[in-house]
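To find a chain, count down the sequence lines: A is the first, B the second, and so on, and within it residues start at 1.
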Amino acid sequence: MDDARTPTSSAWVDRFEAALAEPVASAATVGGDRLAALRRAGRTRFRDLGFPTRRVEAWKYTSLAELADTPHLPAPVGPDGDDGVSAPPVPPPVLGAIEGAAPAARLVLVNGRVDAALSSIGPLPDGVVAGSLAAALRDTPALVADRLGAAAAIDDGALIALNTAFFDDGVVVIVPPGVELAAPVELTLIGRAGEAPLAWHPRLILAVGAGSRVTVVEHHLGGGRYFSNLVTEVAVGAGARLGHYRVQAEAAAAAHVSTITARLERDAVYETLTLSGGARVARNEVRAVVAGTGAECRLYGAYLARGRQILDNTTVIDHAVPGTRSRQVFQGAIDDQARGVFQGKVVVRPDAQKTDGYQLNRALLLSERAEIDSKPELEIFADDVKCSHGATAGEIDDSQLFYLQSRGIGRDEARGLLTRAFLGEVIAEIEDERVRAALGDLVGAWMDRP
Amino acid sequence: MLEIKTLHASVDGKDILAGVDLTIGAGEVHAIMGPNGSGKSTLAHILAGRDGYEVTGGSVTFAGQDLLALEPEERAAAGLFLAFQYPVEIPGVSNSTFLKTALNAVRRQRGEPELDAMEFLKLIRARTRRLEMSDDMLRRAVNVGFSGGEKKRNEVLQMALLEPKLAVLDETDSGLDIDALKIVADGVNALRGPDHAFLVITHYQRLLTHIVPDHVHVLVRGRIVRSGGKELADELERNGYAEFGYDEAA
């Protein structure tokens, strides 16, 4: 009974693999023996685990079982429109409208693969790499091979294993020590599918060298039925700062699973926010190891769930050494029959004294049938730490609503204004004013969407 | 313009208003005075359309319409404005966004063209200067971190923008020092004119030396027990509400 899912997931893998233009093992030889072995292990691991169901503790509130029964195929390689489906138009960069925030590099991925014609990479400082992972594996394998799997171990879960087995492109952003990149790197990931379901498994590598500062912005969107299974390996070097801001606006029928694995060295700062509003079911998982004293990990999430959406934010922060900080704020507005999920685990290792951890999870329930499942989990093995968490779920405040209405603002518009403000509280946490402005505008546009 | 006829209302089954009759003509300034618990704020909230009050009898006609049948936002568009005793804080919504949204919502309902960002900015600058409000108060979230005086000035600013036919000021003087009181009163007096009537609800006579009413009414136990000219306010200041069966010291 417990294993009932495995044959289905195996069938999914068999079908997906059989449809690949080339067997994955040979396509991956450019990555060398190590990568080939990694892929084999990933495949085996995924066959063992299968798509997670709610019987798996880490997936207690979000099942991907329906994916196992969906006959996803790999996206065909070929020009847009070959299969009668055209890509949604490429949107402007997320920070494009903000003065002085034109991207230093913009990479556009269609169905998980970098489209060189749609991408543009400006002159970058010496040593900075921003480009296609497939190209890097082919042209400069030494630069990337060792980084693959460095942070995302296949033992960390089925979806990482699946991604490891099948990724055939993605993005590499490598910034050597001592570089301050003022302009952001923008990644636009477009899904292009029709009624026949497609799947892709892009791998992103974001590595910031000691003392460097970088902003990476991600925008996920698309049309049709697809499953995007993204894994991002983040390394933030000593004293470095990475701001990583993400917009999940996938197609309404899409499934989106993003797993970020991050490692922070001494005095590093990793700040990430994911704004989620798209997909039928989406999981945004961040697993961070705060591995250097003085490092700070800030994880933020704001989401707007409508219809029958399930939007899941799951975090695991591992305070591995003394004197580190983490701050998490996740807030979602949930309407109709949608469901929000927040699972936040904070681990403080035995010698990780003086850890300062803060976690807040709030949900605004906009309808009687909206639901939030919230599970904070603190595992504290050190005695001299400061860790707090809070979780609330509530409705629109009546007195605020009346105040706005009494000024002539209609009920729906007033509710929209208050919902936007609620999500804006998370966006206000971001240090970078440019990002705050752009994301605030996006939320406003989402609110106006029927 | 406003005609309240034998208005009865209750909260949680408890009768608060026991037959209020009040008529306010265009441009008139009326004051309602009364002890705590007399039903003053209930009357203000019912006029503005706040949930939680049950009207059990009587009627309210405003500018020819059945006021009680309108949503709060429709009442605002029809020209009714309530200055809150306790203005509500709205974190995450900047004051300028709030003001612009409100003004354009009302203009839309009144069939007037909406103002664009530049036109709004010009209008709001002129209004804030008169109220000695800083630009900072426009950038900050609505009423968040505002002092008592700043909140009340913000109420008057909203009033000045929406240009109501009738503004109900609910205990606008509470929590104000004398300087803030003067600024607020000046704001009200600047709007005073044939098109703008006021209903000033207050416990004390103090505000009425700055906003001089045409008519004063005494509300006790949910009923207007006496009406008169502005001299009635002075009398109440001297004698309190004792003659109406209220002992203020109790």
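Contact detail for B:Thr97 and A:Leu417: the closest heavy-atom pair is CG2-CD1, 4.4 Å. When every heavy atom of B:Ala76 is checked against every heavy atom of A:Ser406, the shortest pair comes out as CB-O, 3.4 Å. Heavy-atom minimum distance, B:Pro91 versus A:Glu425: CB-OE2, 4.4 Å. The nearest pair of heavy atoms linking B:Ala102 to A:Ile409 is CA-CG1, 3.6 Å. Here the closest heavy-atom approach between residue A:Glu413 and residue B:Thr101 is recorded as OE2-CG2, 3.3 Å.
No more than 12 heavy atoms of other residues, nucleotides or ligands shown are found within 6.0 angstrom of CZ on A:Arg308. The number of heavy atoms from other shown groups lying within 6.0 Å of CZ (A:Arg369) does not exceed 12. The local environment of CG in B:Asp66 is crowded, with over 12 non-hydrogen atoms from other residues, nucleotides or ligands closer than 6.0 Å. By the neighbour-count criterion of 12 heavy atoms within 6.0 Å, atom CD of B:Glu119 is densely surrounded, having more than that number from other residues, nucleotides or ligands. Heavy atoms from other residues, nucleotides or ligands lying under 6.0 Å from CG of B:Asp51 number 12 at most.
Neither the backbone nor the side chain of B:Tyr86 comes within contact range of chain A, judged by heavy atoms closer than 4.5 Å. Neither the backbone nor the side chain of B:Arg75 comes within less than 4.5 Å of any heavy atom in chain A. With a 4.5 Å cut-off on non-hydrogen atoms, B:Pro164 does not touch chain A at all. For a residue to count as touching a neighbouring chain, one of its non-hydrogen atoms must lie under 4.5 Å from one of that chain's; by this rule B:Arg108 touches chain A with the side chain only. Heavy atoms of A:Asp398 lying under 4.5 Å from chain B belong to its backbone as well as its side chain. Within the 4.5 angstrom heavy-atom criterion, no atom of A:Leu423 approaches chain B.
From A:Arg407, atom CZ reaches atom CZ of B:Phe81 across 3.5 Å, with rounding to the nearest 0.5 Å. With rounding to the nearest 0.5 Å, the separation of CD in A:Gln405 from CD in B:Glu74 is 9.5 Å.
Considering only heavy-atom pairs separated by less than 4.5 Å from chain A, the leading option among B:Pro72, B:Ala77, B:Ala105 is B:Pro72. Highest contact tally toward chain A, considering only B:Leu161, B:Leu82, B:Asn104, is held by B:Leu82 [criterion: heavy-atom pairs under 4.5 Å].
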| said: Please determine whether side-chain contact (heavy atoms from CB on, under 4.5 Å) holds for the pair B:Val88 and A:Phe402, giving the CA-CA distance in whole Å, both sets of side-chain angles, and the decisive distance to 0.1 Å. | reply: CA-CA 9 Å; B:Val88 178; A:Phe402 175 63; over 6 Å; no
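When side chains are defined from C-beta on, B:Ile90 counts as touching A:Gln400, because their heavy atoms get closer than 4.5 Å. No side-chain heavy atom of A:Tyr403 sits less than 4.5 Å from a side-chain heavy atom of B:Glu89. Using a 4.5 Å heavy-atom cutoff, the side chains of B:Glu71 and A:Arg411 are not in contact.
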